[in-house]
Amino acid sequence: MGLKEKLHGIKEDFKGKKMAPAFNALHTFLYTPDETTHSGGHVRAVDDLKRTMNTVIIALLPVLVWGIFNAGYQHYAAVDAAQGVLREASLFGNFFTWDNFIMGAWTVLPLVIVSYAVGLGVEFVFAVIKGHEVEEGYLVTGMLVPLIVPIDIPLWMLAIAVIFGVVIGKEVFGGTGMNILNPALTIRAFLFFAYPTWMSGDQVWVHGAKAAAGGPDAISGETILGAYAQNSSVIYDFSDKFFGFIPGSVGETSTFLIIIGGLFLMFSKIASWRIILSAVVGAAVMGLIFNGVVDQGWITEGSNFYGLMSTPFWEHLIIGGIAFGIVYMATDPVSGSQTNTGKYWYGFLIGFFSIMIRVFNPAYPEGVFLAILLMNVFAPTIDHYVVQANVKKRMKRLKLKTA
Amino acid sequence: MSKDIKIKKGLDIKLVGEAERVVSDAPRSRTYVIKPSDFHLVTPKMLFKEGATLQAGEPLFYAKKDPSIKFVSPVSGTIIEIKRGAKRVITSIVIEADGRDTVRELPVLDVNTASAAAIKERILESGLWPFIKQRPYDVIASTQTEPTAIFISGHNSAPLAPDYNFILKGKEAALQAGITALSKLTSGKIHLGVAKVSDSVFSKLSEVQMHTVSGPHPSGNVGTLINKVSPVNKGETVWTITPENLAIMGELFLTGKFNAERIISVSGSSIKAPKYYKTKIGAEVSTFAYAAGIDGDNVRMISGNVLTGDQVNADGHLGYYHTEFVAIPEGNDYEFFGWNKPVFNKISSSRALTFSWLFPNKKYDLDTNTNGEHRAFVVTGNYEEVFPLDIYPLQLLKACMVQDLDAMEALGMYEVAPEDFALTEFVCVSKQPHQAIIRKGLDLMHEEIG
């Protein structure tokens, strides 16, 4: 008897029992179900929710791998800097090395494991209690979460945040497909408001930065945004920022790989190109407005906002988490706008507000996650007006006929 | 004058096993079955008991709500069984054919000179009224309301669709008689959508407004034609009829006889020799299914097309409205890691490691597997890619699910039929039963608003 038949037998045994969803989740992970159509059309397209989610995970793998190497690289660069040695980034010289990989894996993989174990655990519990199938939403959330937190976040904090995010961000609304807020960002927001000191400053972005920073010339381990917000200069050049040889949340440093992932998602039609395109435009517009303000001389070097306002608009798109947020977070179909016209507005406003919050937020120089959460709340309103336009057209048609 | 209707949104599902353009006579069927469930929302009142003998074209039962709507027997013979289901609902009426094919004859009616009332009376009397459907609600047309227009789609774009030019060849006169008759029942126009005006059986028809429709499926759906020509407003009614049934209606006017003959396409990857068969409404599917040959025993047999048809067994019967029979493999098997490996042999509207977009002309051998489990709506924007109507499909489906009548009305529920949602159902990542949701929504509206 093959594995297939054995699992089928167990499935039959479990049918109607409390643990059935838990078993089915594991079973359908191995085998697509033997379910056939029984109402309406007799054939169905190949895509299911698992494939959709899986495609997003594939698009996240490059940034995860980069994040692992970068974690090691930043750690050793910090150690070197503490001894007064400046590391010159070179891809195959000192970046893709076993040392970096082992150090990175040692710090990043626990984040991934905790995120999946805790999150899926909560999902299984809810599925069993409520008697529905385990839905695939957490497959992507679980991968996003370790990529948007600082590398040195304590695992217990992550676990608490994940529980909060899955329960309050998703399950109380009825599970995958019903949530109003993006669950990964809900987790991020919980961490941000509950443990602010762990989510900003110069201690958490590089593994072991605190220990390494013993020497007087220690590299601060600050993110680029942090440096700009302090109006201080940045030691990284364009290619460091674009390719991602910089400290930051695990997965958001390499804009280059995020663009690759974004192109893959847009090509595979899993992510909405409308949202991505208009978010980039929105961010550029806000960036240009700030650049214009600086050019007009309304804001001078003495101002707290000078550093970030004078950052060229295109550079805003490369530094910080905005690229990651636009590609992987704003495109969440559940919490985002659902109509095609609405997606343009939704994306544009995310880009626009991201840069605005980034510049004006005094405590923490990043805006994309707050902007997306804000627009999550407004997405149904945007959709409402888009759909109303269609409804009005129908009413008008009726009036023309009856008049 | 013809108008062009070109749609871009949609999806052509190309399947293997298209019917060869040859017509064979199907073996004579011993029994014929009329299923009241084919006539949605009709409660049948029987006119005969078991054991009664009757001619072809003689009424079997009438609609309880409107006794003038009669339903007739396709053949002459004896009612051998009236099957009943739960709450004694009649599920099917089985007629054993006597093989003599005696037909109830009505006087010939000249449609050119006959009055509207006479024509309507004749359609009702002959039992052909059920061929006329109406929107809103996609049910048999009400005899009380005059339609603002009548829509006929002369272009079938569904997968494995029979070719109208082939099966209706020689029926031009009957089609014209049907159109002339129907044109008297409306103050509006009769709109006919065709793929190509020239050299089709429809090319010489008069008293119709021709529209050339092109583009992927559902360009041939009558719902698409209605939406593009003149969408149904609140308070309006339009009628639809299929060209095959229009020809039967026209023949009745020309000859006075009800001819239940249908040329149906027998197709699908599980059919050994897919071709056309001449049979009758309600015939046993085994007659033509086994004449054409069926591959394997794990097969889904469908009366109708793969997107909207009904599942039948080998001892089942052809549906009243169906002009197609399809057999495809059942997909009741597990596939190892089927959700994440690259897929070449199935159709997808996305490009998520699926490659049907690379081979637009490849014909696929799809089975009945759902390729995934039922989930809540998650992905957005993919229905819109295959849904050409000026309606928000996801929002309308959700309005139906929460039974919000006001929202359903505002979002265009009067304009749609379940078949318009066949493609959104096909591409649905969450494997939601779109057609069933819409049908339930329409029933609710019919009940509450009327």
Side-chain angles (χ1 to χ4, degrees), chain A residues 3-4 7-8 24 27-52 54-55 58 133 135-137 174-178 267-270 272 274 333-334 336-340 343 383 386-388 390-391 393-395 397-398 401-402, chain B residues 13 231 233-234 300 302 306-309 311 328 330-340 343 346-354 366-373 375-382 384 390-392 394-395 410-412 418 422 425-427 429-431 433-436:
Chain A
L3 177 64
K4 193 160 83 176
L7 286 171
H8 177 77
N24 283 350
H27 189 195
T28 55
F29 181 78
L30 277 178
Y31 288 99
T32 44
D34 63 342
E35 223 165 273
T36 56
T37 52
H38 43 75
S39 79
H42 297 267
V43 291
R44 291 283 193 278
V46 58
D47 317 83
D48 67 342
L49 203 52
K50 278 199 179 67
R51 178 168 292 273
T52 307
N54 188 39
T55 308
I58 291 171
E133 294 296 317
E135 303 198 316
E136 288 77 12
T176 301
M178 320 283 186
F267 175 76
S268 60
K269 299 201 201 173
I270 298 299
S272 165
R274 292 179 173 87
V334 176
S337 239
Q338 299 183 343
T339 54
N340 283 341
K343 281 172 178 161
D383 282 337
V386 172
V387 172
Q388 280 306 308
N390 181 269
V391 169
K393 200 157 65 180
R394 199 161 283 121
M395 296 294 287
R397 205 170 70 200
L398 181 64
K401 280 243 172 149
T402 48
Chain B
I13 301 170
N233 293 308
K234 186 181 179 179
R300 169 78 54 100
I302 303 156
V306 292
L307 290 179
T308 58
Q311 181 175 359
I328 53 172
E330 279 284 5
N332 54 349
D333 195 12
Y334 300 92
E335 195 180 346
F336 189 63
F337 276 139
W339 55 280
N340 61 5
V343 175
K346 287 176 179 175
I347 295 174
S348 163
S349 61
S350 80
R351 303 190 187 114
L353 294 192
T354 56
L366 299 185
D367 60 29
T368 62
N369 195 289
T370 50
N371 300 315
E373 288 175 303
R375 291 287 183 265
F377 287 113
V378 170
V379 174
T380 61
N382 61 341
E384 283 79 356
D390 185 19
I391 281 172
Y392 282 96
L394 177 67
Q395 283 70 17
L411 289 168
E425 181 175 76
F426 177 80
V427 302
V429 169
S430 303
K431 312 295 173 189
H434 294 206
Q435 295 188 73

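Values below: all heavy atoms of this structure, side chains included; hydrogens, waters and symmetry mates excluded. Convention: sequence-line order gives letters A, B, ...; per-chain numbering from 1. Predicted model, so just to flag it, every value in this text is computed and none were measured.
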Does A:Asp48 come within less than 4.0 Å of B:Arg375, counting only side-chain N to carboxylate O?
no
Give the ring-plane orientation class for A:His8 versus B:Tyr334, where under 30° counts as parallel, over 60° as perpendicular and anything between as tilted.
perpendicular
For A:Asp47, which atoms come within 4.5 Å of any heavy atom of chain B: side chain, backbone, both, or neither?
both
Which atoms of B:Ala422 are under 4.5 Å from chain A, going by heavy atoms: the side chain, the backbone, both sets, or neither?
neither
Please flag which part of A:Thr52 lies under 4.5 Å from any non-hydrogen atom of chain B: side chain, backbone, both or neither.
side chain
Do the side chain of B:Arg300 and the main chain of A:Thr37 share a donor and acceptor less than 3.5 angstrom apart?
yes
Toward chain A, the part of B:Phe377 with a non-hydrogen atom under 4.5 Å:
backbone
Between A:Arg44 and B:Asn371, do the side chains contain an N or O donor and an N or O acceptor separated by less than 3.5 Å?
no
The interface call for A:Leu49 against chain B, heavy-atom contacts under 4.5 Å, is both
Less than 4.5 Å to any heavy atom of chain A: does that hold for the side chain of B:Ile347, its backbone, both, or neither?
backbone
Pairing donors with acceptors under 3.5 angstrom, does anything connect the side chains of A:Thr36 and B:Asn332?
no
Can you tell me which portion of B:Leu411 sits under 4.5 Å from chain A's heavy atoms? Options are side chain, backbone, both or neither.
both
